[in-house]
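It should be emphasised that the depicted structure is a prediction, and the values quoted were computed from it without experimental measurement.
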Amino acid sequence: MRSYFQKFRGEHAPLAAKANIKEIAFAWGGGFIAIALIGFLTQSLEYPLILGSFGASCVLLFGFPKSPFSQPRNVIAGHFLSTLIGLIFFHLIGDMWWSMALALATALAVMLATNTVHPPAGSNPIIVFLLGAPWTFLITPTLIGAVILVIVALFYLNLKKSLVYPSYWV
């Protein structure tokens with residue numbers, strides 16, 4: 001039992017390298033443009049295209065564009081599958097704490113099994129339950145919003161000469 005709790009002390013690994021000011025400014029610009037566009041479209045069209053988890057998606061897309069979690073298949077499929085699972089559990093099983101927990105655990109397992117892990121999407125089943133979201137939530141804001149994020153990332157990230165985005169599609 002003692003060795004178990006000793007693990008809590010960590011491995012004493014070094015911190016990850018700190019981003020330089022140019023990388024920080026570039027990431028800031030991408031996050032700003034992506035959320036500004038989605039926010040503008042939401043307000044102009046009076047149609048919901050924004051999702052709270054998209055903020056965390058921007059952290060990955062613009063801060064860590066080479067991460068597997070930031071690739072288009074992961075962003076789009078991760079958001080889509082997690083929201084779908086949240087909607088299935090919410091509408092077919094019901095609005096109970098244990099159903100929400102099962103939805104989240106199932107979304108995690110499905111993302112792992114399909115190699116579409118996108119950590120921000122893990123919050124989507126919980127968002128579905130908190131909002132009491134309708135089935136249409138799968139298309140808007142989830143799918144359309146995730147696609148817009150990836151389109152912005154494609155155009156913005158490839159402005160940087162030293163970067164190619166995406167690393168892969170499928």
Side-chain angles (χ1 to χ4, degrees), residues 26-95 99-160 163-170:
F26 191 74
W28 184 93
F32 174 81
I33 291 168
I35 295 303
L37 177 62
I38 294 174
F40 173 77
L41 291 172
T42 294
Q43 189 172 23
S44 298
L45 301 173
E46 296 181 6
Y47 206 69
L49 298 171
I50 195 89
L51 190 57
S53 55
F54 289 168
S57 294
C58 284
V59 170
L60 287 173
L61 280 166
F62 302 107
F64 304 91
K66 288 297 193 183
S67 168
F69 302 143
S70 301
Q71 301 310 306
R73 73 176 265 124
N74 296 67
V75 175
I76 295 168
H79 277 296
F80 183 85
L81 291 171
S82 291
T83 299
L84 176 62
I85 290 163
L87 289 166
I88 289 169
F89 276 81
F90 179 75
H91 288 285
L92 301 182
I93 297 177
D95 185 11
S99 179
M100 182 172 58
L102 284 171
L104 175 276
T106 303
L108 169 60
V110 167
M111 284 192 291
L112 286 167
T114 59
N115 201 22
T116 58
V117 176
H118 183 63
S123 64
N124 291 7
I126 295 167
I127 293 169
V128 165
F129 274 78
L130 291 176
L131 294 177
W135 287 101
T136 56
F137 196 79
L138 183 60
I139 303 304
T140 180
T142 304
L143 182 60
I144 293 172
V147 168
I148 292 170
L149 282 178
V150 168
I151 290 170
V152 170
L154 282 169
F155 284 95
Y156 184 78
L157 292 172
N158 285 304
L159 290 173
K160 194 173 190 179
L163 181 63
V164 174
Y165 179 83
S167 296
Y168 53 83
W169 281 96
V170 292

| ring-ring contact (aromatic ring centres under 6.0 Å, His included): which pairs involve residues 31-51, sequence neighbours left out? |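 Output for this query lists Trp28-Phe32.
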| Leu154 backbone acceptor or donor facing Asn158 side chain under 3.5 Å |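 Flag set: sc Asn158 to bb Leu154 pair under 3.5 Å.
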| query | Just how far is it from atom CG of Leu84 to atom OG1 of Thr142, taken to the nearest 0.5 Å? | reply |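 Result: 10.0 Å between the selected atoms.
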| Nearest-0.5 Å distance, CG of residue Leu37 to OG1 of residue Thr42 |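 Reported to 0.5 Å precision, the distance equals 9.0 Å.
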Would you list the atom pairs, donor with acceptor, under 3.5 Å between side chains in residues 48-57 and any protein atom, with sequence neighbours excluded?
{"from": "Ser53", "atom 1": "OG", "to": "Asn124", "atom 2": "OD1", "distance (Å)": "2.6"}
{"from": "Ser57", "atom 1": "OG", "to": "Ser53", "atom 2": "O", "distance (Å)": "3.3"}
{"from": "Ser57", "atom 1": "OG", "to": "His79", "atom 2": "NE2", "distance (Å)": "2.8"}
{"from": "Ser57", "atom 1": "OG", "to": "His118", "atom 2": "NE2", "distance (Å)": "2.7"}

| task | With the side chain counted from C-beta on, respond yes when Phe137 and Ile127 share a heavy-atom pair under 4.5 Å apart, and no when they do not. | result |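 In short, these two side chains touch, coming nearer than 4.5 Å.
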| Can you find a heavy atom in the side chain of Lys66 that is under 4.5 Å from one in the side chain of Val164? |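 Answer yes - side chains close enough.
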Only counting residues at least two apart or in another chain, list the ones meeting side-chain contact (heavy atoms from CB on, under 4.5 Å) with [X].
X: Asn115; answer: Arg73
X: Pro119; answer: Leu60, Phe69, Val117
X: Leu159; answer: Tyr156
X: Ser99; answer: Phe89, Ile93, Met96, Phe129

| field | Single hit among Leu81, Leu87, Val128 for side-chain contact (heavy atoms from CB on, under 4.5 Å) with Leu138 | value |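 Testing each of Leu81, Leu87, Val128 against Leu138, the sole residue satisfying side-chain contact (heavy atoms from CB on, under 4.5 Å) is Leu87.
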| Chi angles and distances behind the side chain to side chain contact (heavy atoms under 4.5 Å, CB included) call for Tyr165, Gln71 | CA-CA 8 Å; Tyr165 179 83; Gln71 301 310 306; 4.1 Å; yes
